[in-house]
Number of protein chains: 2
Amino acid sequence: MARAAAPTVLQLVQSNSLPALVQIEIEQLILGGELAVGQRINESELASRFRTSRGPIREALRALEESRLVRSEKNRGVFVREISVTEADEIYDVREALDQLIGQRVAERATPEQIRELKAVLAEMDRATAKQDIKCYHALNLKFHDMLVEFAGNARLAESYRLLTKGLLLFRLRGLQDGGGFAVSNTEHKAVVDALAARDSTRAGRLLRQHAIESRARMHRAAAVADTI
Amino acid sequence: MARAAAPTVLQLVQSNSLPALVQIEIEQLILGGELAVGQRINESELASRFRTSRGPIREALRALEESRLVRSEKNRGVFVREISVTEADEIYDVREALDQLIGQRVAERATPEQIRELKAVLAEMDRATAKQDIKCYHALNLKFHDMLVEFAGNARLAESYRLLTKGLLLFRLRGLQDGGGFAVSNTEHKAVVDALAARDSTRAGRLLRQHAIESRARMHRAAAVADTI
DNA sequence: TAAGTGAAGATTGTCGACAGTAATCAATAA
DNA sequence: TTATTGATTACTGTCGACAATCTTCACTTA
């Protein structure tokens with residue numbers, strides 16, 4: 001496993017503090033949809049849920065606010081952030097630039113083993129497509145892009161990229177993602193991996209950027225459809 | 001003044017909560033060098049300094065940790081983050097990509113008034129250069145790039161860019177920035193603004209990226225010199 | 001002298017409590 | 001019936017206190 005090893009629960013508890021743990025937990029709640037977009041977050045409720053006082057909860061919420069997953073109104077509480085199409089557009093604008101960089105770097109630095117891992121995920125995605133398992137495809141899609149940014153070998157890049165795409169997830173939770181055409185999406189993935197395997201950094205960068213552009217277009221189409229409903 | 005209006009103190013106190021205010025204050029302490037890089041931050045000390053309890057301080061520190069300005073060790077405290085040359089390199093890698101995007105967008109979107117503002121700052125920088133006022137030049141340099149990212153008209157881009165460059169400031173605080181050649185730097189600035197005025201987005205993007213690349217090279221030269229001392 | 005040990009002090013982690021503010025809802029008046 | 005007012009309730013903002021942990025440093029011992 002060439003990727004950064006996932007930390008064990010033990011390591012997590014020992015190194016990270018309670019607020020950090022809570023932060024991860026709340027993030028899962030948001031990204032998992034249990035806390036709906038726009039919803040107010042009740043501190044006391046979370047506190048009793050996690051068997052802590054409100055202190056650690058508040059600390060976690062501050063961190064989540066800094067990462068723009070929640071917004072906070074004074075004396076009113078913190079709310080799960082809602083992303084408008086306009087803001088999603090802004091994010092995509094940045095993402096396109098970063099994806100190009102990611103494609104270039106992965107083409108330059110990825111090990112043969114990592115390329116194989118990417119291909120394996122691609123194959124899984126094909127199977128999910130065949131079964132029309134959208135949920136599975138979506139999870140694999142996230143994994144694929146996460147692996148890419150990891151293989152780019154730049155921690156700061158990965159951090160920026162993940163922060164950005166987390167915002168996009170808030171939007172996707174409304175069910176607008178991928179615009180239905182996910183078989184198309186995987187064709188684009190394959191072209192990218194081909195360029196990576198060929199160590200063609202320019203082409204890989206261009207293709208991954210193009211993939212982001214197409215994703216944005218799919219997002220727009222889905223949003224347009226959703227608005228007509 | 002076409003830029004985003006600076007919020008008044010009143011607005012700040014009314015809208016933002018105490019932790020948010022404290023966060024800004026601590027950030028100033030760090031970026032101003034009062035809290036040295038690598039130094040441990042004493043919660044009680046800050047609390048008495050700002051006449052609050054430790055709660056708000058801790059919340060602010062969590063937010064600063066999320067923005068990577070401090071790091072936190074369990075049961076040991078939080079420390080002002082130190083940036084290695086390797087990490088500065090990583091940041092520059094991302095910054096180059098973002099700068100290209102910024103150049104393109106500003107060329108497309110900036111108002112004539114904004115272009116004039118940029119030129120005015122450039123003139124100020126020339127005067128600072130003539131007086132060999134490095135500190136003033138440095139401040140204006142930051143302002144120039146901050147205006148650029150603002151004029152790009154993409155809040156998320158601005159956010160990502162500022163987060164990134166804040167990290168670079170931690171490095172710069174060690175006196176390694178600019179590598180001495182700041183007259184050269186302003187020549188590059190002028191070329192960028194020329195492209196912006198000509199509405200040549202491709203050239204503006206290329207030049208601003210190139211400027212970031214040169215900045216990185218200057219950083220490396222300065223670091224090399226610092227290491228021989 | 002150097003290494004190890006123990007206590008004392010300082011600092012962080014967490015909690016429960018109280019004050020202040022916003023939201024809710026019933027009662028009243030137009 | 002609708003709008004307004006006032007009281008009630010719920011929640012956030014902040015604080016001080018205590019427990020747990022780390023650091024420091026004097027002291028002992030080989």
Side-chain angles (χ1 to χ4, degrees), chain A residues 7 9-26 29-30 34-82, chain B residues 7 9-26 29-30 34-82:
Chain A
V9 179
L10 184 66
Q11 287 173 327
L12 228 56
V13 173
Q14 284 178 337
S15 61
N16 297 34
S17 58
L18 214 162
L21 275 299
V22 170
Q23 180 184 346
I24 295 172
E25 216 65 34
I26 298 177
L29 251 40
I30 294 174
E34 188 159 345
L35 289 172
V37 169
Q39 183 184 332
R40 217 204 60 201
I41 297 176
N42 190 318
E43 294 179 2
S44 312
E45 197 179 309
L46 283 181
S48 58
R49 176 173 191 154
F50 296 129
R51 313 290 176 83
T52 69
S53 69
R54 280 172 49 224
I57 303 288
R58 286 180 64 87
E59 291 184 29
L61 288 178
R62 280 285 163 232
L64 289 173
E65 183 185 12
E66 190 69 20
S67 72
R68 298 292 184 268
L69 240 58
V70 303
R71 82 190 140 79
S72 156
E73 293 180 29
K74 188 175 180 178
N75 287 325
R76 290 204 53 223
V78 335
F79 301 77
V80 179
R81 199 126 186 278
E82 30 206 335
Chain B
V9 179
L10 184 66
Q11 287 174 325
L12 227 55
V13 173
Q14 283 178 337
S15 62
N16 297 36
S17 59
L18 214 163
L21 274 299
V22 170
Q23 181 184 347
I24 295 172
E25 215 64 35
I26 297 178
L29 251 39
I30 294 174
E34 190 160 344
L35 288 172
V37 169
Q39 183 184 331
R40 216 202 70 218
I41 296 177
N42 190 318
E43 293 179 3
S44 313
E45 199 179 308
L46 283 181
S48 58
R49 175 174 192 152
F50 295 129
R51 313 290 177 84
T52 69
S53 69
R54 281 172 49 223
I57 304 288
R58 285 179 64 86
E59 290 184 31
L61 288 177
R62 280 286 163 242
L64 288 172
E65 184 186 9
E66 190 68 21
S67 73
R68 298 294 184 267
L69 240 58
V70 304
R71 79 191 143 79
S72 154
E73 294 180 28
K74 188 177 181 179
N75 288 323
R76 291 204 53 223
V78 338
F79 302 77
V80 179
R81 198 125 186 279
E82 31 206 336

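All values below come from the heavy atoms of this structure, side chains included, with hydrogens, waters and symmetry mates left out. In what follows, chains are A, B, ... by sequence order, proteins preceding strands, each numbered from 1.
Side-chain nitrogen and oxygen atoms of B:Asn75 include none within less than 4.0 Å of the OP1 or OP2 phosphate oxygen of C:dT11. The side chain of B:Arg76 contributes no N or O atom lying less than 4.0 Å from OP1 or OP2 of C:dT11. The side chain of A:Arg40 places an N or O atom within less than 4.0 Å of a non-bridging phosphate oxygen (OP1 or OP2) of D:dT12.
When rounded to the nearest whole Å, the span between CZ of B:Arg51 and C1' of D:dG16 equals 17 Å. The CD atom of A:Glu45 sits 14 Å away from the C1' atom of D:dT12 (whole-angstrom rounding). Atoms CG (A:Leu18) and P (C:dT14) sit 5 Å apart, rounded to a whole Å. Put simply, CD on B:Glu73 is 22 Å from P on D:dA20, counting in whole angstrom units. Going from atom CD of A:Glu43 over to atom C1' of C:dC15 covers 14 Å, rounded to whole Å. The nearest whole Å value for the distance from the CD atom in A:Glu59 to the C1' atom in D:dT12 is 16 Å. Per the geometry, CG belonging to A:Asn42 stands 12 Å off P belonging to D:dG13, to the nearest Å. Summarising the geometry, the separation between NZ on A:Lys74 and C1' on C:dT21 is reported as 10 Å, rounded to the nearest angstrom.
Considering only side-chain atoms of B:Ser53, the nucleotide from D:dT23, C:dT11, D:dG16 that sits closest is D:dG16. Which of C:dT14, D:dG13, C:dT11 sits closest to the side chain of A:Arg58 comes down to D:dG13. Counting only heavy atoms from C-beta on, B:Thr52 has its side chain closest to D:dC15 among C:dA22, D:dC15, C:dG13. The side chain of A:Pro56 lies closest to C:dC15 when the candidates are C:dC15, C:dA22, D:dT12.
Among the heavy atoms of the strands lying under 4.0 Å from B:Ile41 are primed sugar atoms or P, OP1, OP2 only; no base atom is included. If you check every strand for non-hydrogen atoms under 4.0 Å, A:Ile57 touches nothing. B:Gly55 comes within 4.0 angstrom of no nucleic acid atom, judged by non-hydrogen atoms across all strands.
Contact of the B:Phe50 side chain with the B:Ile26 side chain is registered, since non-hydrogen atoms from C-beta on lie closer than 4.5 Å.
In this structure, A:Leu61 and A:Glu43 approach most closely via the heavy-atom pair CD1-CG, 4.0 Å.
A donor-acceptor contact under 3.5 Å links the side chain of A:Arg54 to the base of D:dG13.
In this structure a side-chain-to-backbone donor-acceptor pair under 3.5 Å is present from A:Arg68 to A:Glu65.
Just one of A:Val22, A:Val80, A:Ile41, A:Val70 meets the side chain to side chain contact (heavy atoms under 4.5 Å, CB included) condition when paired with A:Leu64; it is A:Val70.
Side-chain contact check for A:Ser17 and B:Arg62: at least one donor-acceptor pair (N or O, by modelled atom type) lies under 3.5 Å.
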